[in-house]
Every structure is written in structure tokens, then in C-alpha cells.
Amino acid sequence: VSYGDFSSRKIRGSKTRTADQVQGVSFRVTMSSSGGATPPYTTLAISRPTESITHVELHRPEKRNAMNSAFWSEMVTCFNELSEDPECRAVVVSGAGKLFTAGIDLMDMMNNVLQPEGDDTARISWGLKKKIRKFQETFSVIEKCPKPVVVAIHGACVGAGVDMITACDIRLCTQDAWFQVKEVDIGLAADVGTLQRLPKVIGSQSLVNELALTARKMYADEAKSSGLVSRVFADKEAMMAGALEIAGEIAGRSPVAVQGTKINLIYARNHSVADGLDYIATWNMSMLQTEDLMKSAQAALEKKSPKTKTYSKL
């Protein structure tokens, strides 16, 4: 049992489409993973479309990519590793099968949340808070990852799926995509990121309140006009090509500049303008002392893309 009422099918085989070049190396856009989840993961398929881009695919298509107990820990492990991986400069997240995600796998998670352990109310509450904080880290780790994360959404994105995508840096979707803050329909307030991040993403408190309090669906056109996503594509194939093109543009630039930009954008979102300016001044007093600056400046003088330059790993 998972959020919503969806039909699903398991995709067999894979489609590919040629995308733009990254640092002179062409790559293929993998539409789905035919081999299942990538060990040691059971809910994720990890691949490298290029040397510097990592594709993380939610891979429980037979369960509509519903988030079971294994998923919550595997995402943390995956993104902690990507944060420290010098080969990875950008990440693309997508879902296998017919839809992006149906949200929490309620049947799998029922014992975890609905039957908490403890001798009295205080001890039960402390245990529940510890579990909730652990679930929150599953998506906070995406935000903490210094590598920019592009998420590609097709079909449904329900409940915890909205929590997850609001922690990503760039959001894309297909024309048939829809989004739903589902938690009030199952008797709780969303507690792993939507209520905290969605107001900052959309910018309209009234719209956020409406979505969160009524659990109504938001479709692709409204998601685009409200700012939840930046681009809408005709289908999944076109979206994946677009996602990897954006990731390629990011990966082709100085990792010092890119990762510093992500970190400072998030800091500025959560602080005053004065605090943000002070933070970037402190940040750049060391980060400007890099050979990447001269390489990028040379590319600009030559009227070439920064992708024509080779930057050291970070």
C-alpha cells in the first residue's frame, strides 16, 4: 500500500538518445535500468552516463517507486558517497517505470511509525522524534551534497516525493507529471521537508497552504508557472536528455565555482542578505586562489565555453 492509486509496469530493456557533449566526450541518455537495483542498493540503480555525472534512479517500478525502509537509509549512504566522490560533479535523479514515486510505502513503514516502542508517552515520543529526524536526513543529505542535483519527474510525485524534490537544486518534469502533498489525507502533517522547503521554492505562502491543507493535485503547467519546476518536457525521453544536458553544462565548469555556488545559494536562502554577503566574502577569500579562475577567464577571452578547459578534480 502506498500513497495514491496507481497502476504500474516494470520496464524491460532501455531506450537511449544521444545528448550534447561534455568536455568533448559524447554520452548516451539511459532511460531506465534493465538490470534492476545496483548492489549493495536494493531500491536505487546507480550509473555513470559520463565520467563526471552520476545518475541515481529510484528503482522499485513494480511498487511504483514507493519508499520502503531500505530506501530511507540507502539514499543517505548514496549521497554521502557522492559528496566525497571527486569523479562526480553533477547528479541526475529520476524514477524507473511508469511514474516518479508514489511516496511512502505505508505497508512497509507501518511497524516503524505506527507501532513505536517505549514504556510511556515520554519514551515513545523520544523514540518517534529520533525516527523522524532519521527520515528527514534522507532528503537533507541531497541538499547538503555539494554536487548540484537535477531531478527529472514523470507521472506522479506524491507525498514524500514532494519532500524529496524540494531538496534538489533543479527540477524538471514531463507534461503528464502531477504533484500532491498527500500527508493530510493520511492523518499527519508532512514532516520530512515539504512544509519547510516548499514555501521557499514556490514563494507563494497562499498556494503552499492550499496544496498542503487540501492535498489537491498540482499539474505540470501550474508547477511551471508557480516555480516548482523550471522546465516541462513532452515526454520522459526528452526530459532525460534535457536533464543530462543541464548536468553536462554544470559538470563542464570549475567544480570549485559550481560547488561554492550551490553552498552559498543555500546559505543565502536561510540567512539575511548581510549575512550572505559576509559568508561569500569569507568563502571567496580562499576559493579565489585557484587555477580554475585563470582557466575560466582564458576561455572567456577566447570566446569559448568553460567546457573547453580541463579542471582538476575536487
Side-chain angles (χ1 to χ4, degrees), residues 16-33 38 41 44-59 75-96 100 139-154 164-173 201 229-231 233 236-267 269 287 290 292-293 295-296 299 305-314:
T16 57
R17 175 174 175 173
T18 303
D20 285 355
Q21 292 185 333
V22 180
Q23 294 180 309
V25 180
S26 62
F27 59 91
R28 308 287 289 179
V29 179
T30 303
M31 289 301 302
S32 64
S33 300
T38 307
Y41 302 114
L44 305 174
I46 313 298
S47 60
R48 278 277 168 86
T50 76
E51 180 182 353
S52 53
I53 299 173
T54 301
H55 180 198
V56 178
E57 184 181 51
L58 311 186
H59 207 283
M75 282 287 284
V76 174
T77 300
C78 175
F79 274 89
N80 280 336
E81 289 180 355
L82 292 178
S83 293
E84 300 299 326
D85 183 359
E87 302 287 347
C88 175
R89 296 189 182 183
V91 183
V92 172
V93 176
S94 69
F100 181 69
F139 302 141
S140 292
V141 75
I142 299 174
E143 192 171 80
K144 293 174 184 177
C145 177
K147 320 300 171 66
V149 180
V150 182
V151 62
I153 305 136
H154 74 289
M164 180 170 69
I165 68 168
T166 54
C168 298
D169 302 295
I170 298 172
R171 289 169 293 278
L172 315 174
C173 77
V201 168
V229 301
S230 54
R231 298 190 196 179
F233 295 83
K236 186 179 180 183
E237 184 176 17
M239 177 182 63
M240 290 305 299
L244 288 176
E245 181 179 355
I246 291 171
E249 290 294 328
I250 293 169
R253 284 160 170 78
S254 160
V256 173
V258 165
Q259 294 180 40
T261 295
K262 172 172 178 174
I263 291 168
N264 276 275
L265 281 170
I266 293 173
Y267 185 92
R269 182 197 67 188
M287 292 299 106
T290 173
D292 292 17
L293 188 62
K295 290 180 179 180
S296 299
S305 168
K307 294 191 295 182
T308 62
K309 301 298 179 181
T310 300
Y311 298 99
S312 299
K313 297 174 185 177
L314 180 63

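Hydrogens, waters and symmetry mates play no part in the numbers below; they use all other heavy atoms, side chains included.
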Would you please test Val258 and Tyr311 for side chain to side chain contact (heavy atoms under 4.5 Å, CB included) and show each step? CA-CA 12 Å; Val258 165; Tyr311 298 99; over 6 Å; no

Less than 4.5 Å apart, side chain to side chain, heavy atoms only: is that true for Leu58 and Met164? yes

Which atom names give the shortest non-hydrogen contact between Pro146 and Ile263, and what distance separates them? CB-CD1, 4.3 Å

Kindly give the heavy-atom pair with the smallest separation between Gly95 and Glu57, and that separation in Å. C-CG, 4.1 Å

So which atom in Met240 and which in Ala152 form the shortest heavy-atom distance, rounded to 0.1 Å? SD-CB, 3.8 Å

If I take atom CZ from residue Arg231 and atom CE from residue Met239, how far apart are they, to the nearest 0.5 angstrom? 13.0 Å

Going from CD1 on Ile53 to SG on Cys88, what distance comes out if it is rounded to the nearest 0.5 angstrom? 9.0 Å

Side chains of His55 and Arg48, heavy atoms from C-beta outward: is any pair under 4.5 Å? no

Any side-chain to backbone donor/acceptor pair from Asp85 onto Glu81? Under 3.5 Å, distance only. no

Exercise: identify the closest heavy-atom pair between Lys295 and Thr310: NZ-O, 2.7 Å

Interatomic spacing from CD1 in Ile153 to CD1 in Ile165 - rounded to 0.5 Å: 4.0 Å

Decide yes or no for Pro255 and Lys313: does some side-chain heavy atom of the first lie under 4.5 Å from some side-chain heavy atom of the second? no

Hey, are the side chains of Thr77 and Tyr41 touching, using non-hydrogen atoms and a 4.5 Å cut-off? yes

Does any non-hydrogen side-chain atom of Leu82 lie less than 4.5 Å from one of Val56? yes

So do the side chains of Leu44 and His59 get within less than 4.5 Å of each other, counting heavy atoms only? no

CG/Leu172 to NE2/His154 distance, rounded to the nearest 0.5 angstrom? 13.5 Å

To the nearest 0.5 Å, what is the distance between NZ (Lys262) and CD (Glu143)? 7.5 Å

Any chance you could lay out the side chain to side chain contact (heavy atoms under 4.5 Å, CB included) test for Ile250 and Ile170, step after step, and finish with the verdict? CA-CA 11 Å; Ile250 293 169; Ile170 298 172; 4.0 Å; yes

Begin from the C-alpha positions of Arg89 and Lys147 and carry the test side chain to side chain contact (heavy atoms under 4.5 Å, CB included) through to its verdict. CA-CA 6 Å; Arg89 296 189 182 183; Lys147 320 300 171 66; 5.7 Å; no

If you take all heavy atoms of Glu249 and Arg253, which pair is closest and at what distance? O-NH1, 2.8 Å

State the CG-CE distance between Leu293 and Met287, to the nearest 0.5 angstrom. 12.0 Å

Any chance CD of Glu87 has more than 12 other-residue heavy atoms, nucleotides or ligands included, within less than 6.0 Å? yes

Between Ile46 and Cys78, is there a side-chain heavy-atom distance shorter than 4.5 Å? yes

Donor-acceptor check, side chain of Thr50 to backbone of Ser52, threshold 3.5 angstrom: yes or no? yes

Contact between Phe100 and Cys173 at the side-chain level, heavy atoms closer than 4.5 Å - yes or no? no

